[in-house]
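Counting starts at 1 for both ligands and their atoms, following the listed order.
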Amino acid sequence: MSAAMMALTAMAANAQNPFVQTWFTSDPAPMVCGDRMYVYTGHDEDNADFFWMQEWRVYSTEDMVNWTDHGSPLALESFSWADDRAWASQTIERDGKYYWYICAHSKLSGGMAIGVAVSDTPTGPFKDALGKPLFENGSWDHIDPTVMIDDDGQAWLMWGNPQCYYLKLNRDMISYSGELGRLDMTEEAFGGPIMSKREKGKQYKDSYVEGPWLTKRNGVYQLLYAAGGVPEHIAYSTASSPTGPWKYAGEIMPLSNTGSFTNHCGVADFKGHSYFFYHTGKLPKGGGFGRSVAVEEFKYNADGSFPKILPTDE
Ligand code: FUB
């Protein structure tokens with residue numbers, strides 16, 4: 001995209017939610033780098049009847065008001081093994097390189113797979129780091145990667161629907177050590193078991209579905225996720241280790257009339273403020289398969305817990 005076009009897009013995409021109004025965008029994943037906030041998104045197709053997504057997009061801002069559109073530095077065609085469903089992703093910096101973890105349908109295994117692309121800058125160009133998926137085994141569970149580097153330098157990768165999985169990444173960020181881990185999807189951990197394990201007639205507080213976002217605050221691990229079923233809301237659990245045991249901590253963004261039956265979140269602190277990113281179906285001609293990324297500023301409660309955050313059009 002030319003500089004002139006980028007400036008034009010920046011004017012069109014302002015602080016009003018949805019903050020990208022020029023494309024359908026989904027599954028926002030914020031990353032702060034220097035004095036800019038970057039947001040990595042999916043790109044929902046126009047007039048779609050499913051999540052037939054082909055590429056990912058990047059936006060950035062220095063003031064949370066004026067957004068720059070960096071186009072699509074990563075697409076299905078960047079991965080020789082991927083042929084469909086460019087779903088949720090997250091990017092992280094390590095040792096001056098940017099690692100973009102994605103999921104997509106794999107023509108090798110026939111299931112969804114986790115892949116990783118690498119770049120020298122937050123906006124690309126990005127290249128498939130491995131020429132094959134980082135993890136796949138033919139299952140459709142393998143979607144929605146989230147990544148975190150812990151205080152001791154250990155990088156954790158988590159993902160999954162309806163099972164939440166984890167791997168310990170090596171320092172190179174493109175290989176891992178140990179076996180695939182599985183979080184205990186218990187009632188205590190997530191407010192209820194996964195949907196297929198629910199007892200008929202029993203009331204549960206909640207349940208994990210997909211879209212995990214792993215973070216750590218004041219020494220406490222927080223796992224945010226899309227919860228409840230269809231439609232989804234956002235809830236979270238806390239733990240003293242990424243592998244658990246996790247403890248259900250409540251809703252963050254309750255069910256709201258957003259026009260999208262999915263929700264997918266990411267959080268970041270930026271220039272002394274905290275921001276919660278999510279998606280809605282609120283653009284004209286939008287909906288469940290035509291989503292748009294949105295953001296709310298919020299303040300953590302005094303004990304470090306999340307407040308309730310409601311979607312706004314501001
Ligand atoms: O964007 C496709 C899928 O919809 C994501 O992988 C899920 O988290 C849901 O938002």
Side-chain angles (χ1 to χ4, degrees), residues 18 20 23-30 39-59 72 74-76 79 82-91 100-106 111-116 133-136 139-147 157-165 190 194-195 206-214 223-236 252-253 255-256 258-267 276-283 286-295 311:
V20 177
W23 304 83
F24 291 123
T25 52
S26 50
D27 305 324
V39 181
Y40 297 79
T41 76
H43 175 200
D44 287 7
E45 304 274 290
D46 290 354
N47 306 312
D49 58 359
F50 186 63
F51 304 116
W52 304 120
M53 298 148 71
Q54 301 291 304
E55 62 178 24
W56 296 268
R57 301 188 63 83
V58 186
Y59 298 86
S72 170
L74 195 65
L76 285 179
F79 300 94
D83 59 1
D84 196 5
R85 300 172 205 222
W87 287 5
S89 69
Q90 188 181 341
T91 303
W100 194 344
Y101 298 87
I102 60 95
C103 62
H105 184 261
S106 165
M112 290 295 285
I114 305 296
V116 56
L134 174 65
F135 187 88
E136 69 173 340
S139 161
W140 289 84
D141 283 11
H142 303 305
I143 67 169
D144 297 358
T146 178
V147 61
L157 190 64
M158 272 191 186
W159 70 86
N161 170 346
Q163 170 66 52
C164 192
Y165 298 95
F190 296 108
I194 60 172
M195 285 294 166
D206 220 326
S207 62
Y208 170 95
V209 178
E210 59 183 0
W213 180 268
L214 178 64
L223 189 64
L224 287 69
Y225 46 88
V230 180
E232 295 172 340
H233 59 273
I234 302 292
Y236 78 118
I252 299 176
M253 179 168 275
L255 262 191
S256 317
T258 63
S260 167
F261 61 89
T262 62
N263 202 347
H264 190 113
C265 74
V267 288
F276 178 87
F277 291 83
Y278 62 104
H279 66 218
T280 70
K282 284 195 177 179
L283 267 192
F289 301 120
R291 299 161 295 175
S292 296
V293 291
V295 60

Does the residue Glu232 have a heavy-atom contact with ligand 1, meaning some pair of atoms that are separated by less than 4.0 Å? no
For the residue pair Trp159 and Phe135, does the interplanar ring angle fall in the parallel (under 30°), tilted (30 to 60°) or perpendicular (over 60°) class? tilted
Should the ring pair Phe289 and Phe51 be called parallel, tilted or perpendicular, given that the plane angle runs from 0 to 90° and is split at 30 and 60?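 Because their plane-to-plane angle is over 60°, the rings of Phe289 and Phe51 count as perpendicular.
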Is [X] close to ligand 1, meaning an N/O of one under 3.5 Å from an N/O of the other?
{"X": "Arg291", "value": "yes"}
{"X": "Asp144", "value": "yes"}
{"X": "Asp27", "value": "yes"}

Residue set satisfying ring-ring contact (aromatic ring centres under 6.0 Å, His included) with Tyr225, at least two apart, ordered chain then number -> Phe190, Tyr208
Looking at Ala88, which atoms of ligand 1 are within less than 4.0 Å of one of its heavy atoms? 6 (O)
Going by the order shown, which atoms of ligand 1 are within less than 4.0 Å of some heavy atom of Met53?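 Result: 1 (O).
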I'd like to check Val293 versus Phe277 (side-chain heavy atoms, cut-off strictly below 4.5 Å). Are they in contact? no
Salt bridge (Lys or Arg N to Asp or Glu O under 4.0 Å) partners of Glu210, counting only residues at least two apart: none
How does Arg85 reach ligand 1, by side chain, by backbone, by both or by neither, if only non-hydrogen atoms under 4.0 Å count? neither
Would a distance-only check, ignoring hydrogens and angles, find a side-chain to backbone donor-acceptor pair under 3.5 Å from Asp44 to Arg291?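 Such a contact is found between Asp44 side chain and Arg291 backbone.
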